[in-house]
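The structure under discussion appears below in the form of structure tokens.
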2 protein chains.
Amino acid sequence: MKNIAIIEDDIELRELLDKYLSHQNEFSCKISVDSIEDFFEVLSEENKPDIILSDIGLPGKQGDESLRAIKEKLPEAEIVMLTVHDDPEKIFKCLQGGASGYLLKNSPLEEIKKYLSILADGGSPMSPRIARKVIEYFRPKQKLEKPLTEREYDIVVGLVEGLSYKMIADKYNISIDTVRQHIRNVYRKLNVNSKAEVITKKLRGEI
Amino acid sequence: MKNIAIIEDDIELRELLDKYLSHQNEFSCKISVDSIEDFFEVLSEENKPDIILSDIGLPGKQGDESLRAIKEKLPEAEIVMLTVHDDPEKIFKCLQGGASGYLLKNSPLEEIKKYLSILADGGSPMSPRIARKVIEYFRPKQKLEKPLTEREYDIVVGLVEGLSYKMIADKYNISIDTVRQHIRNVYRKLNVNSKAEVITKKLRGEI
DNA sequence: AATACAATCGCATAAAAATGCTATGAAAAT
DNA sequence: ATTTTCATAGCATTTTTATGCGATTGTATT
């Protein structure tokens, strides 16, 4: 029996969720409020939620700020963001901020229920649409006009690992001047002029 | 009607999948091979797959290398990795490499079918367990014993953006020596000694 | 045969980064 | 009241990076 908290300022949606979830045997819903502030107000030892359903775009606070606040008070709780948007950027931020999942507000109630069951079970609810977005987020956005060669790719990996030119040269048994040459070429292809930019691009999946 | 290709060296599993999927109305299975090499061998205009189910740990090639190879020949195809492991690091690599999804080999056949249907529909199959792993991957792993101050955080962001010390100094209207000082402190707290490592840590959610 | 590109190496130089040491004022904590 | 932390700053030195120019070899393509 998992205790759910709902933080959502659309009263209609909130009451719908509250009513629906309270009706299920697996869930109870002891907190149902319309803002983060109210949530902390109402929160007590007796009604600590296991799972928190929270609107991402609540007025006042930014989504990821409130996330951090909740995580700090209730590190054990699973947080699921409710949203109408499915902007990958936002999804990413929320997941980084500590959300365990992400649900579109227009999802059917049965789906929401199913998701919460999975969550209680240690999985993370993620609808296929959203999963696709998340995957797209850290996938190479577009092919480079000038793709990197294998060697150049090796060198990029070395840079990401924090190796110096010298260390990369040793790792691949080539001269440091060769490393320089490859890096020159990488910079030209990526249109950058520093290690930092290469690393950032690589880790953001742009290479 | 989607055409599936199966690349999997466990003959039993491969034939099971082949038989099962061919039986479904929505799918055909024109290619069923046990290595990437064979796959390219057999591939022709007539049997181009829409979806490729591929073992991640095929002998010979690394998972992500073969991914790249497939993506190059068949950029339109959806690739789903088959695996027994659910190592988040590997999952991440594959998704970065162009996989659209990721299935555990011991998944029930009905589940696999359902996933493939979703994939054909533009979503990305991701089991809750794996979704959880992926989410965990880009979530702050643990709080730093020595957390960064606001200013230090600013400087880190500057580094990630590819700014030089000089540019960071200008951005925040401080001296370049102050930037140096902050960076020194950041290095100490993170236990590193280069920009590269800071950027990597930041983008991997370790800060 | 000619062209293109990948991988290799060298030398030189300017710019940037890493590090050692020191220091001051303000704010926060003890 | 004293200590700690944060943000600020300067100076000097070594190491690393960024970049310009030139060059050879092998492989693949045309």
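Reminder, nothing fancy here: chain letters follow the sequence lines and each chain counts from 1. Side chains are part of it too, since the values below use all heavy atoms of this structure and drop only hydrogens, waters and symmetry mates.
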What's the CG-P distance between A/Asn185 and C/dA7, to the nearest Å?
9 Å
If I take atom CZ in residue B/Arg188 and atom P in nucleotide D/dA7, what distance separates them, rounded to the nearest angstrom?
12 Å
Which part of the nucleic acid, if any, lies within contact of A/Thr178, taking any heavy atom under 4.0 Å across all strands shown: a base, the sugar-phosphate backbone alone, or nothing?
base
Out of D/dA18, C/dT22, C/dT8, which nucleotide sits closest to the side chain of A/Arg180?
D/dA18
Considering only D/dA7, C/dA7, D/dA18, which nucleotide approaches the side chain of A/Tyr165 most closely?
D/dA18
Under a 3.5 Å threshold, yes or no: a donor from one side chain and an acceptor from the other, between A/Ser54 and A/Glu8?
no
Nearest-Å distance, NE2 (A/His182) to P (C/dC9)?
8 Å
Give a yes/no on whether any side-chain N or O of B/Tyr187 is located under 4.0 angstrom from OP1 or OP2 of C/dA18.
yes
Is there a donor-acceptor pair under 3.5 Å between the side chain of B/Thr200 and the backbone N or O of B/Ala196?
yes
What integer distance in Å separates B/Ile199:CD1 from D/dT17:P?
12 Å
Closest listed nucleotide, where the reference is the side chain of B/Lys195 and the choices are C/dA12, C/dA18, C/dT8:
C/dA18
No-hydrogen, no-angle side-chain donor-acceptor test under 3.5 Å, B/Glu26 and B/Ser117:
yes
Between A/Leu163 and B/Arg151, name the one whose nearest nucleotide on DNA chain D is closer to the 5' end.
B/Arg151
Report which part of the nucleic acid B/Ser175 touches: base, sugar-phosphate, or nothing (heavy-atom distance under 4.0 Å, all strands).
sugar-phosphate
So, B/Ser22 and B/Asp18: side-chain donor and acceptor under 3.5 Å apart, yes or no?
yes
Side chains of B/Glu197 and B/Ser194: do they bring a donor and an acceptor to under 3.5 Å?
yes
Heavy-atom nearest nucleotide on DNA chain D taken for A/Lys166 and for A/Arg184; more 5' hit belongs to A/Lys166
For the side chain of A/Glu150, starting at C-beta, report the closest nucleotide among C/dA7, D/dT17, D/dA9.
C/dA7
Quick check for you: among D/dC6, C/dA17, D/dA9, whose closest atom lies nearest to any side-chain atom of B/Gln181?
D/dA9
What is the distance from CD1 of B/Ile174 to P of C/dT24, rounded to the nearest Å?
20 Å
What is the distance, rounded to the nearest whole Å, between atom CD1 of A/Ile176 and atom P of C/dG10?
11 Å
Round to a whole Å and report the spacing from OH of B/Tyr172 to C1' of D/dC6.
16 Å
Looking for any heavy atom pair under 4.0 Å, which part of the strands does A/Asp177 touch: base, sugar-phosphate only, or nothing?
base
Report yes if at least one side-chain N or O of B/Thr149 is closer than 4.0 Å to OP1 or OP2 of D/dA7; otherwise report no.
yes
note: B/Glu197, atom CD; C/dA18, atom C1'; distance rounded to Å ~ 12 Å
